[in-house]
Amino acid sequence: MKSVKKLVRHGVSDVILLGVIIVSVFPFLYMFLMSFKSTINAFDFDFSPDKLTLEQYVKVFEVDNFERYIFNSVFVAVAGVILTLAVCSLAGYAFAKMNFKGNDKWFLFLILTLIVPSEVIIVPLFLIARGLGWLNMYRALILPLPTALGVFIMRQAILDVPSDLIDAAKIDGCGNFKTFVRVVLPVVRSSLLALAIFTFVGAWNNFLWPLVACTKEEMKTLPLALSLMKTQYNTDVGLTMACAVINFLPPFLFYIFMQSKFKEGLTMGGVKG
């Protein structure tokens with residue numbers, strides 16, 4: 001009797017899990033299939049081979065400066081990841097393992113900034129960027145990417161690094177920076193990879209700040225360019241979905257690639273910790 005109840009319970013959970021998977025995957029499948037159609041009807045589910053076409057993708061790639069838009073997005077996202085990992089890991093190490101006056105108070109103040117919506121600081125950030133002459137420059141898009149959330153993630157990860165490892169490195173003659181690079185970073189590799197994924201996806205999909213900071217055509221990122229392009233044509237669901245697929249694929253592929261590295265980092269961190 002117990003085995004029957006257990007089987008029924010597992011069967012119900014499997015059905016629920018399958019339902020959740022279908023509901024989660026359906027929008028992406030719909031987006032991908034509709035991108036091969038030229039239609040203004042969002043409920044046109046006729047996906048017969050003769051109705052599918054690459055016309056929408058051709059139209060997107062024929063847009064002027066499209067290669068520039070892709071380069072801008074890739075450059076900003078990759079540079080943002082590098083800067084975020086460097087800044088947040090160093091700050092996290094300082095807050096986690098270095099004793100200085102006001103350590104906890106400064107960290108608390110930093111965490112409190114997380115409750116402020118990013119839209120609230122758009123105007124002050126714009127005024128600062130304009131005052132420094134950074135508008136329509138890469139530095140305006142890249143420098144604001146490191147956040148308090150990244151510092152929090154790295155601090156919590158570095159707190160779990162045994163102090164004995166750090167003390168042993170210092171006894172061997174390593175300074176703070178050398179200890180940070182050779183001892184701490186390999187142990188918290190999984191957290192670094194997780195932060196890299198969050199930063200890349202956030203930087204790639206960022207729309208509001210590039211819209212404010214970039215007015216020149218050659219400085220626009222891909223989400224901006226695709227959103228503006230869609231308004232140049234009549235309402236075409238296929239074109240909209242093609243734009244969505246092009247914007248969706250790079251962060252998705254980046255996540256798939258980094259996911260395997262993330263698992264490796266978890267194993268390595270577990271062994272070294």
Side-chain angles (χ1 to χ4, degrees), residues 23-45 47 52-84 117-119 122 136-138 140-145 147 149 193-259 262:
V23 171
S24 302
V25 171
F26 178 76
F28 297 97
L29 183 62
Y30 172 82
M31 173 184 70
F32 181 74
L33 293 176
M34 289 298 291
S35 68
F36 292 99
K37 294 175 63 67
S38 180
T39 177
I40 61 173
N41 183 7
F43 300 99
D44 182 4
F45 296 109
F47 298 116
L52 302 181
T53 176
L54 292 174
E55 176 187 350
Q56 310 303 335
Y57 288 98
V58 172
K59 189 180 293 185
V60 172
F61 281 95
E62 286 180 346
V63 173
D64 294 336
N65 297 321
F66 188 75
E67 296 81 3
R68 177 73 182 191
Y69 301 146
I70 294 179
F71 172 79
N72 288 343
S73 288
V74 171
F75 181 76
V76 169
V78 172
V81 168
I82 296 173
L83 178 65
T84 298
S118 58
E119 293 78 9
I122 287 293
N136 292 305
M137 299 179 69
Y138 287 120
L141 300 176
I142 297 171
L143 292 180
L145 290 177
T147 63
L149 178 61
L193 294 175
L195 182 57
I197 293 172
F198 297 150
T199 304
F200 186 91
V201 173
W204 184 275
N205 293 326
N206 196 5
F207 179 82
L208 182 58
W209 174 239
L211 179 65
V212 173
C214 298
T215 56
K216 293 183 178 179
E217 197 69 25
E218 63 271 16
M219 288 303 301
K220 290 179 180 177
T221 56
L222 192 58
L224 270 181
L226 294 179
S227 66
L228 295 175
M229 191 202 71
K230 287 184 291 184
T231 64
Q232 297 176 5
Y233 303 91
N234 295 328
T235 303
D236 190 327
V237 176
L239 179 62
T240 302
M241 294 304 166
C243 293
V245 169
I246 293 173
N247 194 52
F248 162 77
L249 278 179
F252 176 72
L253 295 176
F254 181 82
Y255 171 76
I256 294 298
F257 172 75
M258 295 298 288
Q259 186 184 39
F262 177 69

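Quick caveat, the model's predicted, so the values are computed rather than measured.
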Flag the pair [X] / [Y] as yes when at least one side-chain heavy-atom distance between them is below 4.5 Å, and no otherwise.
X    : Y    : answer
I70  : V74  : yes
C214 : L141 : yes
P210 : P223 : no
N205 : N247 : yes
N136 : T215 : yes
M219 : R68  : yes

Has [X] got a side-chain atom pairing as donor or acceptor with [Y]'s backbone, closer than 3.5 angstrom?
X    : Y    : answer
S35  : F32  : yes
T221 : N72  : no
N65  : E218 : no
W204 : T199 : no

Atom pair [atom1]/[atom2] of [X] and [Y] - distance to nearest 0.5 Å:
X    : Y    : atom1 : atom2 : result
L239 : M34  : CG    : CE    : 11.5 Å
T240 : M31  : OG1   : CE    : 12.0 Å
L29  : L33  : CG    : CG    : 4.5 Å
N206 : S73  : CG    : OG    : 10.0 Å
I122 : L208 : CD1   : CG    : 4.5 Å
F61  : L54  : CZ    : CG    : 10.5 Å

key: F36/Y57 aromatic ring centres below 6.0 Å   = yes

key: Check: F200 ring centre within less than 6.0 Å of Y255 ring centre   = no

task = Can you establish whether the number of heavy atoms outside F28 located under 6.0 Å from its atom CZ is more than 12?
result = no

ask   = Should we count CZ of F252 as having more than 12 external heavy atoms under 6.0 Å?
value = no

query = Hey, mind stepping through L52 and K37 against side-chain contact (heavy atoms from CB on, under 4.5 Å) and telling me if it holds?
reply = CA-CA 5 Å; L52 302 181; K37 294 175 63 67; 3.9 Å; yes

ask   = Is there a side-chain contact (heavy atoms from CB on, under 4.5 Å) between F75 and I142 once you walk through the steps?
value = CA-CA 9 Å; F75 181 76; I142 297 171; 3.8 Å; yes

inquiry  = Between L224 and Y69, is the side-chain contact (heavy atoms from CB on, under 4.5 Å) condition met? List the steps.
reply    = CA-CA 9 Å; L224 270 181; Y69 301 146; over 6 Å; no

task = Start with the C-alpha distance between L193 and I197, add both sets of side-chain angles, then the distance that settles side-chain contact (heavy atoms from CB on, under 4.5 Å), and finish with yes or no.
result = CA-CA 6 Å; L193 294 175; I197 293 172; 5.5 Å; no

